[in-house]
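Source: prediction; values computed, not measured.
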Amino acid sequence: MTPLSSPSVTMSIASLVTAINVLIAVGFSIAGLMSPNSILPASSTPTDASFIFAMYAAARTIPLALMALIAIYKHSEPALLILGTLAGFIQLLDAGVGLLQHDLGKSIGPLVIAAFQFFAVYLLNRSPRSSIE
């Protein structure tokens, strides 16, 4: 067994990548609430609609982050596989939003995070299962 395929290493990698992913998402949703100018396109001004949109984003990212962090804390591999996959797809869709805004930075960042997330989920999924399930 190679070190990268050991259950504890793959669980650690998946946990770290997922935690970083969901905390970044929460950070951006909170930034949208606290300082909308920081996430809006340069030519846009914040409105009530952008604040409501930021609240919707926070309403989704905060529970996802909490559940993912609980799964990490409890070392729940099945939950981490599901939540990590979900977090990866969310980043992939965020990259699509960046493309629609013609903002390379808002496309590349989420795309890189999604790639790391899917790789971590892949490693976790193919690693031997722990005996505690």
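- When the shell of 6.0 Å around CZ of F53 is examined, it contains 12 or fewer heavy atoms from other residues, nucleotides or ligands.
- Between V121 and G84, the shortest heavy-atom contact is CG2-C, 3.7 Å.
- Scanning both residues, A114 and G88, for their nearest heavy atoms gives CB-O, 3.6 Å.
- The main-chain N or O of S8 is found under 3.5 Å from a side-chain atom of S12 such that the two form a donor-acceptor pair.
- Tested against L124, the residues V9, T85, L81 include a single side chain to side chain contact (heavy atoms under 4.5 Å, CB included) partner, L81.
- Atom CG of residue L69 and atom NZ of residue K74 lie 13.5 Å apart, to the nearest 0.5 angstrom.
- I20 and V26 sit in two unconnected hydrophobic clusters of ILVMFWY residues. Membership requires side-chain heavy atoms under 4.5 Å apart, directly or through other members.
- A side chain to side chain contact (heavy atoms under 4.5 Å, CB included) with V22 is found for one member of L64, I90, I72 and no other, namely L64.
- Here D94 contributes atom CG and L99 contributes atom CG; the two are 11.0 Å apart, rounded to the nearest 0.5 Å.
- The two atoms that bring E77 and M11 nearest to each other are N-CE, 3.9 Å, heavy atoms only.
- Proximity of a side-chain donor or acceptor of T18 to a complementary backbone N or O of S15 within less than 3.5 Å is not detected.
- Nearest heavy-atom pair, N21 versus Q91, reported as atom, atom and distance to 0.1 Å: OD1-NE2, 2.9 Å.
- Distance check, rounded to the nearest 0.5 Å: OG1 of T61 to CD1 of I24 gives 12.5 Å.
- With hydrogens and angles disregarded, no donor-acceptor distance shorter than 3.5 Å links the side chain of S127 to the backbone of T10.
- Heavy-atom minimum distance, P63 versus A58: CD-O, 3.8 Å.
- Across A14 and A120, no two heavy atoms sit closer than the pair CA-CB, 3.8 Å.
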